[in-house]
Every structure is written in structure tokens, then in C-alpha cells.
Q: 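My questions all concern the structure below.
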Amino acid sequence: MDSLLIRGGTRLKGKIEISGSKNSALPIVAACLMAEGKTTLQGVPRLSDIDSMTKLIGELGCHVYRHDSTREAVGGGPQLNGPLDIEVTDEKQIEARYDIVKTMRASICVLGPMLAKRGKAIVSIPGGCAIGDRPVDLHVRGLMKLGAEFRTEGGNIIGEVKGRLKGCQMYLGGAQGPTVLGTINVMCAAALAEGETVLVGAACEPEVLDCAEMLIKMGAKIKGHGTPEIRIEGVERLKGVEHRIIPDRIECGTFMIAAAITNGELELKNCNADHLIAVSDRLEEVGVKIKRENGTLFVSSSRRLNPVEMTTQPYPGFPTDLQAQLMALLCLGDGMSVITERIFPDRFLHVGELNRMGGRIRKEGATAVIQGVRELQGATVMASDLRASAALVLAALVAKGTTRIDRVYHIDRGYEKIEQKLNAVGAQIERVKEKSAAA
């Protein structure tokens, strides 16, 4: 198991090219199960979650091929990825096995496409990060409204359709707000259903919009994507296409905070600033300078960081996936900050680890109160989930001394070559095996 050794105190300066979105690529790869012919996806990041998803659809009868690329990233970063080709060659396979599904929650996204195209699906109840309860009942409920029948057996969700799915009107909202993967799952299934489907209370995230745009290229008839009401007129078949995955707004936000926490200057290439308006708003309130120019963000900060209040919300609000990273930054704020988590109220496992590094954070239910300190100290800490891992990396970049972060397999699920990207702009990060790190 790998660990990261990070020597803090260096100021980041240079260019980083943002990878394609993990949260967009995963359901889009699953949606390729519905296409006839080859689909080519550009900008798919190389991540362990992507590897798991491509392995999964490979077992579900797809031929998957990743092209090589010779182009280096802007700013001397790691080599970029070539396109990903996906083509369905066998539609008889209908089971998503536990061995793959247990590592990745987004595997539930094969459920809708398989029911719509193959009439039956057996999907193990998925795993993922330990950030609180994230039930799949909204996915199942939406697909049931389209006519699918479900039962659970041996830890599997088993869905079947008699004939063809039937369009209808449904409400998709849940106790914690709209469901992104649930919206995509039902939207994919509705694209091949008979008649019109209206999704009310749909998620508005850019990842939903990206998947809808690819489905439209495939021949789907979808309107209203990116709004709370999506209308889908079902078609009989979808064809393979070429599509480019949107930039990863969470990776971009993480590197924006990296510039801020190190008092650095970063030029972030391949960004969509429109996807980061709430993030930019909070960071500018903190004292971060952000300039937008033709898909590039120029990010720098003053030495004084202002305290702020922030509440996570569904898009276009501040994303829960950047809550931990902002908390790391606010540990050095000049005063008291307050963060409230409305999406996953239990998503505070990073609090204890940041406090080990000298932070002063008090958790009160779904709220964390952060009293800024003058400096953080290097320590041995443990990553508990994907975004908590990123927060610990950010804290380590500015901490006095050396920090060791264990269980960094979490970060490999969502950040492509993070140490190479950060080292290229001045960080001092070394990846080591756990035995070496402990020596």
C-alpha cells in the first residue's frame, strides 16, 4: 500500500493542465452499453475508478481499448491520455459482480442502461467512500416508474423489464436533494423507453449535462438538461459517437485551493470557470485572486486569509466534494470560519487528521467551526476517503516539516497523477511503499 511523503513550505508556481472529469466519465462509460457501434471518448482520466468501470463494462460484453498519446501536459506535467474506444460485442452478459462493484459507487450507473437495452440486470449493491449513507433507492424507484421490476437477492439488485420500458412523469428529489447518478441512470434508461419521460427535481450538475449531450449525439431526444426538469422522448436505438469529457471541476477547485494555501501562483489550463462560480465566490471572499481567460484560470493569494462561512449545496452551490479542501485552507484563516455540510452530514472524517496537524476544528453535528492557526505541523495522518485525501495533501503542502499520508489509494480513485502535477509546480512529494514510509 502506498503512502505520500510531503515536505511542506514550498510556494507553488507554474502551469497545471486539468484532467477530464471523473464524475462525468464514469456514468458516460456506463452509458456506452446502450450504443450500437464504436464510441470514442476523449479526455477520460487514468484513475483506479475508471479502470474499475472499464473492467466492469468489459465483463458486460464491451471491447475497450485505450489509445496511447505522445502529448505532454502544459507546464511540464505528466503525459496526457489517448482516447478510449468502447464497443458492445456481447449483450448476453447482465451481471455486475461484487468484486468490481464493491470498490466504486458509480458502478450502479450500469443498471439503467442494461435494463433499457438488455431487459435484465444483476448489480451488486455498490461500495465507495465512507462519507455517510448514500442509498440507491432513488435509482431503483425511478426505474420502477419506467416499468422495471426489482428484487434483492444475495446482496444483488436484480431488475427485469417485460417488453420495453414506458415513459412517465416522476419526481427524483430525495432527502439530501437531487441525485446526480440517479438522474443520469434514469435519463439513460428513459432514452430508450417508449414515449415521453419527464424528470422533475432532476440534478443540474455539469456531469448530468455532459452525459445528456453525449446521449443526444447518439440519437436521444432530450430537452431541459441542466435544469430541474428534463424531458426525454424515447427512441428505439442509439449509435456510437465521439465525445469529449468535460474538465474536472473538483480537480480544478482543489488546485485553486493549492495555490491559495501555499501563497502561490498557478495557471490552470483546460478549465470551465462557469462550473466553479460558487467556489470562486468563496475563495475570493477568503482573499484569493482569480482571473479568468479563455479556458484558463490564474489563481494567486495574499498572505492574509479571511475567515468565511460556507454551506455545501447541490449545483450551482458549493460542492460537497470541495468541502474538505476548503477546510484545510481555512485552518490558516485569520479568525473563525464555519462550514456546514448539507449533502453528506457525516463527511467530516478529515477533521481529526487536520487537528493532528495542528488545526483547531470543532465539529458540532453537520457543522464544523474552524479557528485559524498561524501554522500547521507535519505529522503522520491517514486518508479516510477520496476528498479527505486531497485535503491532507493541501495541508501537508504548507505544513512545517514532513507529513506522511497513508492509504493514498483513495486519492488515486479521483486525482490523476497528483504528485507529478504538483511536483511540476514546486511541491516536494514522494510516493513510497508503506514499509519504506514507516522506516
Side-chain angles (χ1 to χ4, degrees), residues 20-21 23-44 53 57 60-62 83-88 91 106 108-119 121 138-139 142-148 159 161 163-172 178-246:
S21 168
N23 289 342
S24 194
L26 288 170
I28 279 177
V29 168
C32 292
L33 288 165
M34 302 191 299
E36 298 175 7
K38 183 177 72 175
T39 294
T40 299
L41 301 176
Q42 304 276 357
V44 178
M53 182 62 85
I57 66 165
L60 293 173
C62 292
L84 189 70
D85 289 341
I86 301 171
E87 186 169 7
V88 179
E91 292 191 349
I108 192 67
C109 288
V110 304
L111 185 59
M114 281 206 295
L115 284 173
K117 193 72 167 66
R118 304 182 186 184
L138 294 177
H139 301 245
L143 294 168
M144 286 178 66
K145 287 183 178 292
L146 294 177
V161 180
R164 192 176 168 193
L165 293 170
K166 300 288 193 299
C168 67
Q169 186 175 41
M170 69 178 79
Y171 176 66
L172 274 180
T179 165
V180 176
L181 292 185
T183 297
I184 293 174
N185 223 343
V186 177
M187 180 176 68
C188 286
L192 288 177
E194 182 180 338
E196 185 183 54
T197 300
V198 181
L199 307 182
V200 179
C204 302
E205 273 72 2
E207 295 78 16
V208 176
L209 192 71
D210 196 22
C211 188
E213 290 294 335
M214 187 192 72
L215 292 172
I216 291 169
K217 291 179 187 175
M218 288 179 166
K221 297 179 179 179
I222 303 174
K223 295 180 179 179
H225 43 300
T227 76
E229 183 173 301
I230 304 176
R231 292 181 174 269
I232 307 121
E233 184 67 38
V235 298
E236 291 189 0
R237 61 180 55 85
L238 298 171
K239 65 180 187 298
V241 294
E242 290 193 14
H243 182 74
R244 177 170 291 278
I245 303 296
I246 60 173

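These values consider heavy atoms only, across backbone and side chains, with no hydrogens, waters or symmetry-generated copies.
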Q: Using a 4.5 Å cut-off on heavy atoms from C-beta on, say whether the side chain of Cys211 contacts that of Cys188.
A: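 Yes; the side chains approach each other to less than 4.5 Å.
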Q: Verify, without hydrogens or angle tests, whether Ser24 (side chain) and Asp210 (backbone) share a donor-acceptor contact under 3.5 angstrom.
A: no
Q: Is atom NZ of Lys38 surrounded by more than 12 heavy atoms (other residues, nucleotides or ligands) closer than 6.0 Å?
A: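 Result for NZ/Lys38: open.
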Q: I need the Cys204 SG to Glu229 CD distance, nearest 0.5 Å.
A: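 One finds 11.0 Å between SG of Cys204 and CD of Glu229.
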Q: Please examine the side chains of Leu181 and Pro27, heavy atoms only from C-beta on, and report whether any two atoms are closer than 4.5 Å.
A: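 Answer yes - side chains close enough.
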Q: Between atom OG of Ser21 and atom CD1 of Ile246, what is the distance when rounded to the nearest 0.5 Å?
A: 5.0 Å
Q: Which of these, Val161, Leu165, Leu192, sits in a side-chain contact (heavy atoms from CB on, under 4.5 Å) with Leu146?
A: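 The option that passes is Leu165.
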Q: Less than 4.5 Å apart, any side-chain heavy atom of Val208 and any of Val180?
A: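 When only atoms from C-beta onward are counted, Val180 and Val208 do touch, with a gap below 4.5 Å.
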Q: Please confirm whether the backbone N or O of Lys217 pairs with a side-chain atom of Lys239, one donor and one acceptor, at under 3.5 Å?
A: yes
Q: Does some side-chain heavy atom of Val235 sit less than 4.5 Å from a side-chain heavy atom of Met218?
A: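 In short, these two side chains do not touch, never coming nearer than 4.5 Å.
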Q: Between Thr179 and His139, is any pair of side-chain heavy atoms under 4.5 Å apart?
A: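 In short, these two side chains touch, coming nearer than 4.5 Å.
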Q: Which heavy atom of Leu115 sits nearest a heavy atom of Ala148, and at what distance?
A: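 Closest heavy-atom pair between Leu115 and Ala148: CD1-CB, 4.0 Å.
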Q: Out of curiosity, Thr40 OG1 to His243 NE2, how far, rounded to the nearest 0.5 Å?
A: 12.0 Å
Q: If only atom types and distance count, is the side chain of Lys166 paired as donor or acceptor with the main-chain N or O of Arg164 below 3.5 Å?
A: yes
Q: Val88 versus Cys32: any side-chain heavy-atom pair under 4.5 Å?
A: no
Q: Using the rule given for side-chain contact (heavy atoms from CB on, under 4.5 Å), can you reason through Glu207 versus Leu26, listing the C-alpha separation, both sets of side-chain angles and the distance that settles it, and then say yes or no?
A: CA-CA 10 Å; Glu207 295 78 16; Leu26 288 170; over 6 Å; no
Q: Between His225 and Ile216, is there a side-chain heavy-atom distance shorter than 4.5 Å?
A: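 Side-chain contact under 4.5 Å: yes.
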Q: Looking only at non-hydrogen atoms, find the nearest pair between Asn185 and Ile108 and report the distance.
A: ND2-O, 2.9 Å
Q: If you measure from CG on Leu111 to CG on Leu33, what distance do you get to the nearest 0.5 Å?
A: 11.0 Å
Q: In Å and rounded to the nearest 0.5 Å, what is the CD1 to CZ distance from Ile222 to Arg231?
A: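 Reported value, rounded in 0.5 Å steps: 13.5 Å.
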Q: As a quick check of understanding, evaluate side-chain contact (heavy atoms from CB on, under 4.5 Å) for Glu213 and Arg244, giving each step before the final call.
A: CA-CA 10 Å; Glu213 290 294 335; Arg244 177 170 291 278; over 6 Å; no
Q: How many angstroms lie between atom CD1 of Ile230 and atom NZ of Lys223, to the nearest 0.5 angstrom?
A: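 Atom-to-atom, Ile230:CD1 and Lys223:NZ are 14.0 Å apart.
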Q: So do Val110 and Met53 actually touch side chain to side chain, heavy atoms under 4.5 Å?
A: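 With C-beta onward as the side chain, the pair touches.
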Q: Sequence neighbours excluded, which residues qualify as side chain to side chain donor-acceptor pair (under 3.5 Å) partners of Lys145?
A: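 For Lys145 there are no side chain to side chain donor-acceptor pair (under 3.5 Å) partners, ignoring immediate neighbours.
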